[in-house]
Number of protein chains: 2
Amino acid sequence: MNDEPKRYHHGDLRRALLDTALEMLSRDDGWQFTLREVARRAGVSHTAAYKHFSDKADLLAELALVGFERLREALIAARPAEPESLRVAYLEMSAAYVQFGTANPNLYRLTFSNEARISANPRLKQRADAALQVLIDLFVGGQRAGWLRERDARAQANAAWAQLHGLVLLMIDGLLDEPIAAASLAIMLEGLEA
Amino acid sequence: MNDEPKRYHHGDLRRALLDTALEMLSRDDGWQFTLREVARRAGVSHTAAYKHFSDKADLLAELALVGFERLREALIAARPAEPESLRVAYLEMSAAYVQFGTANPNLYRLTFSNEARISANPRLKQRADAALQVLIDLFVGGQRAGWLRERDARAQANAAWAQLHGLVLLMIDGLLDEPIAAASLAIMLEGLEA
DNA sequence: ACCTGAACACCGTTCAAGT
DNA sequence: ACCTGAACACCGTTCAAGT
């Protein structure tokens with residue numbers, strides 16, 4: 001027999017709620033969904049969510065955690081195994097960053113929306129740092145290989161991160177089109193090269 | 001006699017509502033105020049606002065307009081009359097940009113929040129472009145004076161804008177402190193210089 | 001013309017109660 | 001342990017009505 005009458009959500013309503021919210025972020029426009037709507041789509045009463053999240057901000061923080069993690073994975077996936085130049089590695093990874101943001105505008109916005117108070121949340125701050133670390137590693141490696149101007153790699157990584165973050169948000173907002181964003185990336189790269 | 005009993009808001013409730021909202025943005029934390037609260041603080045029934053704004057998004061769009069205008073003014077005010085180098089002009093103006101954003105976090109966030117659908121609103125798009133134009137002018141002048149690498153000035157301006165935008169947002173979110181932001185600006189500048 | 005009050009369809013959150 | 005239903009104090013928006 002199959003189990004149409006749902007039996008207490010196989011014990012993982014928490015996961016189900018997160019997945020439902022992530023799906024809403026990927027489909028709908030806007031990241032400002034309501035808790036009640038998430039519960040509704042998960043097929044559960046809206047008060048059930050409070051057994052798994054202390055409040056809406058808590059749910060948002062959990063989703064931001066996922067956002068930072070996926071961003072980090074996207075950067076790592078784009079990192080060439082044996083880069084023959086900073087140019088290649090940087091262009092691949094920055095393109096992956098912009099691609100991730102523009103392909104997941106709602107999740108990206110939510111991740112950085114600070115409804116979740118990123119800097120006050122140690123777990124979130126740590127995941128943000130983990131994503132940034134991928135860029136720092138890139139620049140540390142680039143300097144070691146002599147491809148980069150010798151400046152503080154952390155500052156270089158933050159300079160790049162800020163630009164990538166800004167590019168993604170301006171593109172999401174329709175204030176910057178792809179060709180100009182690509183030209184901006186090239187200008188940044190050129191300025192970093194040795 | 002003085003006029004404690006308010007008499008229909010001197011005919012400019014629209015202005016009063018905008019000013020009240022701007023004051024709330026400068027005082028409170030968060031930019032997600034409610035329409036009802038604005039009306040309340042302006043001493044008027046919450047439905048009165050609808051005589052002056054078609055809906056809440058319309059009010060937000062008007063505030064974003066103010067945000068872009070003030071940003072432009074801050075950049076212009078920081079522009080040296082007779083810059084003796086790109087370095088001086090760029091550092092002054094980029095510092096002014098970051099200063100504006102971090103000093104007015106709620107207004108800055110709201111301006112770029114896109115609740116007002118910037119790119120779909122011709123007036124807003126135009127003001128955003130006007131603010132960007134100040135940076136473009138800086139780079140056009142910088143190239144003419146031979147201080148800048150000869151690249152498309154518009155792309156250079158957008159590269160800088162994206163970084164400034166990202167820096168401000170990351171700083172507001174507590175993900176970047178002032179020293180690293182300053183180092184990031186210096187790295188960007190260095191990369192642009194001839 | 002400009003503003004109000006009641007009303008509608010929502011929210012987030014709490015809490016006693018059910019299984 | 002996990003979920004529900006009713007309730008509370010809010011929203012944004014509409015609309016008939018007042019001056």
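Within every chain, numbering begins at 1; the chains are lettered A, B, ... in the order of the sequence lines, protein sequences first and strands thereafter. Hydrogens, waters and symmetry mates are skipped; everything else that's a heavy atom, side chains included, is used.
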Original post:
Would you say C/dC2 has OP1 or OP2 under 4.0 Å from some side-chain N or O of B/His52?
Top reply: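 No, outside the criterion.
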**OP:** Work out which heavy atom in B/Ala16 is nearest to a heavy atom in B/Thr20; give both atom names and the distance.
**Re:**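 Taking every non-hydrogen atom into account, O-OG1, 2.7 Å.
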Original post:
If every non-hydrogen atom of A/Leu107 is compared with every non-hydrogen atom of A/Phe100, which pair is closest and at what distance?
Top reply: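 Between these two residues, the closest heavy atoms are CD2-CZ, 4.4 Å.
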Indicate yes or no: does [X] engage [Y] in a salt bridge with an N to O separation below 4.0 Å.
X: A/Arg15; Y: A/Glu62; value: no
X: A/Arg72; Y: A/Glu69; value: yes
X: A/Glu37; Y: A/Arg40; value: yes

Subject >> Pairing annotation in dot-bracket form, given for DNA chain D with Watson-Crick or G-U pairs under 3.5 Å and | for cross-strand partners >> reply: ||.|||||...|||||.||
Original post:
Between the side chain of B/Gln143 and the main-chain N/O of B/Arg151, is any donor-acceptor distance below 3.5 Å?
Top reply: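 Answer holds: yes.
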What pairs of nitrogen or oxygen atoms, one from the protein and one from nucleotides 9-13 of chain C, lie under 3.5 Å apart?
unit_1: C/dC11; atom_1: OP2; unit_2: A/Arg40; atom_2: NH2; d: 2.9
unit_1: C/dG12; atom_1: OP1; unit_2: A/Leu35; atom_2: N; d: 2.8
unit_1: C/dG12; atom_1: OP1; unit_2: A/Lys56; atom_2: NZ; d: 3.3
unit_1: C/dG12; atom_1: OP2; unit_2: A/Leu35; atom_2: N; d: 3.3
unit_1: C/dG12; atom_1: OP2; unit_2: A/Arg36; atom_2: N; d: 3.1
unit_1: C/dG12; atom_1: N7; unit_2: A/Arg36; atom_2: NH1; d: 2.3
unit_1: C/dG12; atom_1: O6; unit_2: A/Arg36; atom_2: NH1; d: 3.0
unit_1: C/dT13; atom_1: OP2; unit_2: A/Tyr50; atom_2: OH; d: 2.8
unit_1: C/dT13; atom_1: OP2; unit_2: A/Lys56; atom_2: N; d: 3.0
unit_1: C/dT13; atom_1: O5'; unit_2: A/Tyr50; atom_2: OH; d: 3.2
unit_1: C/dT13; atom_1: O4; unit_2: A/Arg36; atom_2: NH1; d: 3.4
unit_1: C/dT13; atom_1: O4; unit_2: A/His46; atom_2: NE2; d: 3.1

Original post:
Any chance the side chains of A/Gln133 and A/Asp137 put a donor and an acceptor closer than 3.5 Å?
Top reply: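 A donor-acceptor contact under 3.5 Å links the two side chains.
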Original post:
Tell me: NZ of A/Lys51 to P of C/dA17, nearest whole Å?
Top reply: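 Distance check: A/Lys51 NZ to C/dA17 P gives 15 Å.
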**OP:** Measure the distance from CZ on B/Arg14 to P on C/dC3 and round it to the nearest whole Å.
**Re:**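 For the pair B/Arg14 CZ and C/dC3 P, the rounded distance is 13 Å.
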**OP:** With sequence neighbours excluded, give me every ring pair (Phe, Tyr, Trp, His ring centres under 6.0 Å) pair touching residues 175-194 of chain A.
**Re:**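 Ring pair (Phe, Tyr, Trp, His ring centres under 6.0 Å) check on residues 175-194 of chain A returns no pairs.
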